[in-house]
Structure formats: C-alpha cells, structure tokens
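Below is one structure, written out as structure tokens; the observations come after it.
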Amino acid sequence: MRAIPVIAIDGPSASGKGTVAQAVAQALGFHYLDSGALYRVLGLAAVRAGVNLESESEILNILLNIKIKFEEYKVMLEAVEVSDAIREEPISAAASKVSAHAQVRRALLDRQRAFRQAPGLVADGRDMGSVVFPDAALKIYLTASAEARAERRYKQLIAKGLSANMADLFEETTLRDQRDSERAVAPLKKCADAIEVDSTNLPVFEVVALVLQHFAAISGKR
Ligand code: DC
C-alpha cells in the first residue's frame, strides 16, 4: 500500500513556512500540521506556570499535564483559545527554549505523526523532513534573508495590533535561529534530499506555485 503523502516544509523563523504550508494544504485538500504551535503552547504554559525553561523534567511535566487542541485554525490550551498569545515574541523565545529538550521532542512525536491522514499532509517546522516524517514525499527547505524575515515578523505583529521594534526583532529572530540550529536534538538544518527555496524576493503565491509544481512532478512518478 502506498504511504499517505507528506509535504515537509522546514526552515528558520518567519521564512513564510506557515503561510505557504497552509496555502499548499488548501490547494491539495490536504491536512495541515503547524508543529511550531505545539512548542509555542508548551512555551506559553511553561511561562505562565513560572517554571525554569531550561529544566527538562519540569517542562516535560507541564507537557504531560496540559491539553493542547487544534480546532480548525484555532489553537487551544485547556479549551481556551491561545492563537494570538502564542505568537508574541517572549513566547517565541520560550518555545525555542522548551523545544531543545530531547524528551519533550520525543513526547510530541506520535502526536505529530497522527496528523498524517488521507489524502495527505503538509507539515511545517524545523525537523519535519529530518525526524518526524523522514519518508516525506517532498521536502522543502524554505529560507529568506534575516532582514526580510525580521521585517515579515514586524509586519505580522503590527497587523495584529501588537507592539514591535525592528531592531529588537532582528536580534531576537537571529538568536532564536541560532539556538534552533545549534541544539543537539533535531536541529534546524537542510536535509540532503530537501529542495531549497529562497523566498527573500518571491511573493507567497510564487512560492506556493513552486511547491505545487514540485509535488505534481513527484506525484506523476509515484
Ligand atoms: O515555527 P515556529 O516559529 O512557530 O516555531 C516556534 C519554535 O518552536 C521554534 O523557534 C523552534 C521550535 N520548533 C521546533 O523545535 N521544531 C519544530 N518542528 C517546530 C518548531
């Protein structure tokens, strides 16, 4: 039996992964997994509980005691919507910190793999192609210059009515990417079999079209 196809989209923060992955999922009628949201909810819960983000056992304990749910495109923590709260900058940093723990990552594996349902899945994150879905039909490594990414994050936050400062955002995203790339477990890296797409000067619709083209080319051979 043919495996349910997965399109893995990995890359650094604010490279456009989420927007592209959602549009690709919609175009193909596939399910969508925002793996970063899982780490963000855990980061939010940990910050609210006031625990030490560097403590693997304390973070794992929080993870095992909270209920995270996705309802359509809403993210819920204990039945309360936290879709906006998890996007704030302090929570981005907390998500990056809690995601560095090996046991935390292991505890979230099955949960992420459960999203793989017919007719297919588009998953975005840092280790979708390397760890969670190593047999993905298509692996995209989506990048953009650090300046373009900081600017995108800035615009996203302002559009949501949140406060933001370009210089701080640039520093925070650079630091976060460094932490995500240098950690020992499942670091952000381009897989050997991933196709790199630089979105610095590409509008979203072109990136989406490119991913769909690559998938169509593969599907023809499957
Ligand atoms: O994709 P994002 O920016 O929402 O992710 C938030 C943080 O979660 C990111 O800084 C690192 C972590 N993360 C991860 O370690 N592995 C993933 N697959 C997705 C996110």
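Computed from a prediction, not measured in an experiment: that's the story for all the values here. Computed from heavy atoms alone, side chains included, the values below leave out hydrogens, waters and symmetry copies. All ligand and atom numbering here is 1-based and tracks the order in the structure.
When Asp127, Asp34, Ile91 are ranked by how near their heavy atoms come to atom 18 (N) of ligand 1, first place goes to Asp127. Of the candidates Gln112, Arg126, Arg105, Arg176, the one placing a heavy atom closest to atom 1 (O) of ligand 1 is Arg126. Within the set Ser15, Ala21, Ser99, Ala14, the minimum heavy-atom distance to atom 12 (C) of ligand 1 is found for Ser99.
Atom 8 (O) of ligand 1 has as its closest protein heavy atom Tyr39 CB, 3.5 Å. Looking only at heavy atoms of the protein, atom 19 (C) of ligand 1 is closest to Ser35 OG, 3.4 Å. Atom 20 (C) of ligand 1 has as its closest protein heavy atom Gly36 CA, 3.5 Å. Protein heavy atom nearest atom 4 (O) of ligand 1, with residue, atom name and distance: Arg40 NE, 2.6 Å. Closest protein heavy atom to atom 11 (C) of ligand 1: Asp180 OD2, 3.3 Å.
Taking every non-hydrogen atom of Ala95 and a distance limit under 4.0 Å, the qualifying atoms of ligand 1 come out as 7 (C).
The shell of residues lying under 4.0 angstrom from ligand 1, judged by heavy atoms, excludes Arg179.
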Inset, instruction - Carefully, step by step, assess Ser99 and Arg183 under the rule side chain to side chain donor-acceptor pair (under 3.5 Å). - result: CA-CA 9 Å; Ser99 72; Arg183 68 183 176 214; 3.0 Å; yes

Inset, instruction - Report the C-alpha separation of Asp34 and Arg87 in whole Å, then their side-chain angles, then the decisive distance to 0.1 Å, and conclude whether the salt bridge (charged side-chain N to carboxylate O under 4.0 Å, His left out) test is met. - result: CA-CA 13 Å; Asp34 172 4; Arg87 303 285 157 202; 2.9 Å; yes

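Checked against a 3.5 angstrom limit, the closest N/O atoms of Arg183 and ligand 1 fall inside it. In terms of polar-atom proximity, defined here as any N/O pair under 3.5 Å, Asp124 makes no such contact with ligand 1.
Contacts between Met128 and ligand 1 below 4.0 angstrom, taking non-hydrogen atoms only, involve the side chain exclusively.
The closest side-chain donor-acceptor pair between Tyr32 and Asp124 falls under 3.5 angstrom. Between the side chains of Arg153 and Gln156, at least one donor N or O sits under 3.5 Å from an acceptor N or O. Side-chain polar atoms of Arg149 and Thr173 form no donor-acceptor pair below 3.5 angstrom.
At a threshold of 4.0 Å, the pair Lys155-Glu151 counts as salt-bridged, since one of the basic side-chain nitrogens sits closer than that to a carboxylate oxygen. Salt-bridge check for Arg105 with Asp127: passed, with a basic side-chain N closer than 4.0 Å to an acidic carboxylate O. We find that Asp180 and Arg126 are joined by a salt bridge, their nearest charged nitrogen and carboxylate oxygen being less than 4.0 Å apart.
In this structure, the ring pair (Phe, Tyr, Trp, His ring centres under 6.0 Å) partners of Phe115, at least two apart in sequence or on a different chain, are Phe70.
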